[in-house]
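Please read the structure below before turning to the comments.
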Amino acid sequence: MLSASRPLLRRSLPPRVLRGLSLALPRLPRSSLPGSSRVPASSLPGLSLPGCRLLSSLADRDKTNREIFSTLSRYVWPSLTSLPGELPLSASELAHRRDMRRRVRISLGLMAGGKIVNVQVPFMFKYLVDDLNAAVAASAEASQGAAEVLAASPAIYTTPGLLVAAYGLSRTASSLAREGTDVVFAKVAESTNREIGLATFRHVHDLDLQYHLSTNTGVLSKKLERGTKSAAFVLKKLVFSVVPTVLEVSVVAGLMYAQFGANHAAVVTGTIVSYVGFTVGVTSWRTQFRRDMNRLENEGSGKVTDSLLNYDTVKYFGGEQHEVKRFEKTLLGYQDAALKTWTSLGQLNFGQNAILSAGMTGIMYLTMQDILAGNATVGDIVLVNGLLFQLSIPLNFIGGVYREVTQSLVDMEQMFKLQDMRSTVGDKEGAST
């Protein structure tokens, strides 16, 4: 144990102190400590398998994104039968898995319904504007006020009133579907977090002594914390943000083509492709700054944890200033990375707004030409503006979603790498626990 503490003391104390301390610590042979090695692993461990047998069978490679999604899908849409080698499902576990599937179905239904209602809102604006223009034109022809024309023709009054009411109901229904999706799916996401975190925590306890002696406790706890939280984030953003946005873009481009022709559809498609391409490119460039921040945060957390756990040693040898300088160096690096992150974020936001503004200007100009040529109504300019503006709302978050999903996948990969560690000291098959 004393020799195992040398790396920690070497990091914590000044060189002159270490030279004196090395004479006082006896040396133990390295072979006296149990070893650890990387071995093939597969999916997350099942809850019924003992010890290191809980590891998976994907050997000699890291978890890829596809494997991570495959692992998450088994929790989001769990099997209703036990896998080979596992104990039969209990009645409570079977009910839990059925409830997870039911919640996923309901969430997807609410998401689809909300998007359908959301696309209808700009059309209501269009019909409302056209009907009001018709009422104003009728009043001008009859040389009467608009109020008198509306009184003489109740249908002219009824239709705009119904459209206004339908607009309010559609907004309410869209909001209800969106919030209902989050509420229903919350249990699925949190259940996935719990099961993944529990399986990983159990596996960390199954690792041998040398792994824990040679691993920074602060860094390990950060990996577990971030990896566990990332599961729910990835599920929510991919299933209920990225996929719905792609579907909505496809629907809007199709509606533009059917309503106005190829030019309008080309402008919408070009705007979205440019926006997404710019966002993904700049966000990928910014990812390096985010990684530096995470690395330095982990490093700082590890230094603080090690220093406080060895408070008596640091105090005894007068290493306080040395520890403070080490921690300050990490904080300065974190500050530099954070400033680069905020600066690049401003550049990203400006570029996104410029692309959307150019696209909206172009499509409104095309619509204006159609109106002047008599091929469209005044309400159509409201329609195209509303459709593109509605797309801009989820697209405004695409950069953040892409960055956070990418970072979450990195965090989950680091956590899953723990599953690829196997202890050289383990239980025999069939041993009681």
Side-chain angles (χ1 to χ4, degrees), residues 105-142 144-185 240-241 243-261 264-265 267-268 272 356 359-360 363-364 366-368 370-371 374-397:
R105 291 192 191 99
I106 296 174
S107 298
L108 292 176
L110 289 172
M111 178 195 69
K115 288 300 179 182
I116 292 173
V117 172
N118 200 41
V119 171
Q120 301 301 318
V121 172
F123 284 92
M124 295 179 186
F125 268 123
K126 164 187 162 54
Y127 298 140
L128 177 61
V129 171
D130 287 342
D131 287 347
L132 291 177
N133 281 335
V136 172
S139 66
E141 291 179 1
Q144 296 176 340
E148 296 176 352
V149 173
L150 291 174
S153 303
I156 298 179
Y157 175 81
T158 303
T159 302
L162 291 177
L163 287 172
V164 170
Y167 166 75
L169 291 176
S170 298
R171 296 270 303 188
T172 303
S174 178
S175 176
L176 179 62
R178 183 172 58 253
E179 299 303 326
T181 299
D182 292 338
V183 171
V184 174
F185 193 75
F240 300 110
S241 181
V243 174
T245 300
V246 172
L247 294 177
E248 189 173 0
V249 168
S250 302
V251 170
V252 169
L255 291 174
M256 287 290 185
Y257 179 79
Q259 191 86 4
F260 303 102
H264 284 71
V267 170
V268 172
I272 301 305
L356 283 177
M360 199 165 296
I363 201 168
M364 292 181 69
L366 291 176
T367 307
M368 180 192 70
D370 288 343
I371 293 173
N375 299 325
T377 64
V378 177
D380 286 323
I381 201 168
V382 177
L383 172 63
V384 297
N385 181 276
L387 287 174
L388 197 56
F389 181 77
Q390 281 191 170
L391 284 181
S392 69
I393 297 175
L395 287 176
N396 280 336
F397 302 99

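Only a predicted model underlies this, so the values are computations on that prediction, with no experimental measurement involved.
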- Kindly indicate, with the supporting measurements, whether the criterion side-chain contact (heavy atoms from CB on, under 4.5 Å) is fulfilled by Val252 and Tyr257. CA-CA 9 Å; Val252 169; Tyr257 179 79; over 6 Å; no
Next item on the list: Test Leu391 against Leu387 for side-chain contact (heavy atoms from CB on, under 4.5 Å), laying out the working first.
Entry: CA-CA 6 Å; Leu391 284 181; Leu387 287 174; over 6 Å; no
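Residue pairs meeting the salt bridge (Lys or Arg N to Asp or Glu O under 4.0 Å) criterion with at least one member in residues 381-396, sequence neighbours excluded, do not occur.
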Compile the donor-acceptor pairs under 3.5 Å between side chains in residues 162-176 and protein atoms, sequence neighbours left out, one pair per line.
{"residue": "Ser170", "atom": "OG", "partner": "Ala166", "partner atom": "O", "Å": "2.8"}
{"residue": "Thr172", "atom": "OG1", "partner": "Gly168", "partner atom": "O", "Å": "2.9"}

Would you mind writing out the side-chain donor-acceptor pairs for residues 109-130 within the sub-3.5 Å range, not counting sequence neighbours?
{"residue": "Lys115", "atom": "NZ", "partner": "Glu248", "partner atom": "OE1", "Å": "3.0"}
{"residue": "Lys126", "atom": "NZ", "partner": "Asp130", "partner atom": "OD2", "Å": "3.2"}
{"residue": "Lys126", "atom": "NZ", "partner": "Thr377", "partner atom": "OG1", "Å": "3.3"}
{"residue": "Lys126", "atom": "NZ", "partner": "Asp380", "partner atom": "OD1", "Å": "2.7"}
{"residue": "Asp130", "atom": "OD1", "partner": "Thr377", "partner atom": "OG1", "Å": "3.0"}
{"residue": "Asp130", "atom": "OD1", "partner": "Gly379", "partner atom": "N", "Å": "3.0"}
{"residue": "Asp130", "atom": "OD2", "partner": "Thr377", "partner atom": "OG1", "Å": "3.0"}

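Every residue meeting the side-chain hydrogen bond (donor to acceptor under 3.5 Å, both in side chains) condition with Thr367, not counting sequence neighbours, appears here in chain and number order: His264. Asp182 meets the side chain to side chain contact (heavy atoms under 4.5 Å, CB included) test with Glu179; sequence neighbours excluded.
When Val267, Ile363, Leu366 are each tested for a side chain to side chain contact (heavy atoms under 4.5 Å, CB included) with Met256, only one passes: Ile363.
One finds the CZ atom of Phe185 at 12.5 Å from the CD1 atom of Ile106 (value rounded to the nearest 0.5 Å). To the nearest 0.5 Å, atom CD1 of residue Ile381 and atom CE of residue Met364 are 4.0 Å apart.
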